[in-house]
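First up is the structure itself, then whatever we jot down about it.
A quick note: this is a predicted structure, and the numbers were derived from the prediction, not measured. Here, residue 1 is the first one in the sequence, and each next residue gets the next number.
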Amino acid sequence: MTVTLIFVLALSVVIGLSLGVLGGGGSILTVPILVYVAGFEAKEAIAASLFVVGVTSAVSVISHARGKRVMWRTGLVFGAAGMAGAFVGGLLGGHIPGEILLIAFALMMVATSVAMLRGRKKGPTPDPPSGSTRHAELPLGRVLLDGAVVGLVTGLVGAGGGFLVVPALALLGGLPMSVAVGTSLVVIAMKSFAGLAGYLTTVHLDWGVTLAVTAAAIVGTLIGSRIAGRIPEAALRKAFGWFVLAMGAFVLIQQAPADLRWVIAAAGAVLAAAAAGICWFFVTSCPIKRRISWA
């Protein structure tokens, strides 16, 4: 076993931790790990990430189901619509240049990180008592449409599963967040396998590395499902959000021409500093001020 493979497997455990604790984020980590550490081509990495995340999500569902945090009807309806979109996305992705797919993937990472850092709006429905699964009736047409759109994005770039599905389930089905996380894993598994089927029509995988990464991710998700709820969700989500933002910026810079990468990185740093300055001096509720006041 090479040092590179050991490093890839160690990072793969983090993929499972993300899925087990947050109900998403697996593909956000898997694609960069496979491209920049394992040396996969972009399309192969996206296809492999769909397999890794699909299997890992399916395993993680078990512990959430035992805790009665899975709404099966909601997950299956949303997932069925997502499978159609994901299969089409996988077919399309096999014919799009890898560089374009990585740029789209990086933009999805940036959008995901912003959503994570902003946090979820508190709804009027609190988490129900343990064992309770009460929720609002699903608007079937809307959930089918949203499921197909989310599935298309997932199948096309191999990302955007959990962090799009969880808010959608919470809003459309009125599910509390803990149940939305568990239910999202059913949806992610279904969409991932459909997207993989689309990609396998044009892409061949290194099944040895893919299966090894999957096994390591499963270990991570088993650990994550055990510690879910013990770590403050807001702190974990924000820390992961900053990490995803940094990874998205890294992928975007890597796709730029070599002679422009440092210029783009410097411009990004200047923009970030300018945004922080505007927030500090002109925004009354600037989160930077709150963090410093808490320190």
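Leu17 CG to Leu222 CG: the interatomic distance, rounded to the nearest 0.5 Å, is 10.0 Å. We find the CG-CG distance between Asp206 and Leu211 to be 9.0 Å, quoted to the nearest 0.5 Å. The NE2 atom of His95 sits 5.5 Å away from the OG1 atom of Thr201 when rounded to the nearest 0.5 Å. Rounded to the nearest 0.5 angstrom, Phe40 CZ and Leu205 CG are separated by 7.0 Å. A distance of 9.5 Å separates CG in Leu185 from CZ in Arg69, rounded to the nearest 0.5 Å. Of the inter-residue distances, the one linking Leu50 atom CG with Tyr199 atom OH reads 7.5 Å to the nearest 0.5 angstrom.
Contact between Phe193 and Val55 at its shortest, heavy atoms only, is CZ-N, 3.6 Å. The minimum heavy-atom distance between Val61 and Val70, with the atom names listed, is O-CG2, 4.2 Å. The two residues Ala42 and Val35 have their closest heavy-atom pair at CA-CG2, 4.3 Å. The shortest heavy-atom contact between Lys191 and Gly79 is CG-O, 4.4 Å. Leu91 and Gly198 make their closest contact through CD2-O, 3.8 Å (heavy atoms, listed as atom of the first residue, atom of the second, distance). Nearest approach of Leu34 to Ser49, heavy atoms of both residues: CD1-N, 4.1 Å.
Judged by distance alone, the side chain of Lys43 and the main-chain N or O of Ile96 form a donor-acceptor pair under 3.5 Å. Side-chain atoms of Thr56 never come within 3.5 Å of backbone atoms of Val53 as a donor-acceptor pair (strictly under, hydrogens ignored). A donor-acceptor pair under 3.5 Å links the side-chain atoms of Thr214 to the main chain of Thr210, judged by distance alone. Counting only distance, with no hydrogens or angles, the side chain of Ser57 and the backbone of Gly54 share no donor-acceptor pair below 3.5 Å.
Under the 4.5 Å side-chain heavy-atom criterion for Ile, Leu, Val, Met, Phe, Trp and Tyr, Val8 and Val14 are members of the same hydrophobic cluster. The cluster map of Ile, Leu, Val, Met, Phe, Trp and Tyr, joined by side-chain heavy atoms under 4.5 Å apart, puts Ile62 and Val186 in different clusters. The cluster map of Ile, Leu, Val, Met, Phe, Trp and Tyr, joined by side-chain heavy atoms under 4.5 Å apart, puts Met190 and Phe87 in different clusters.
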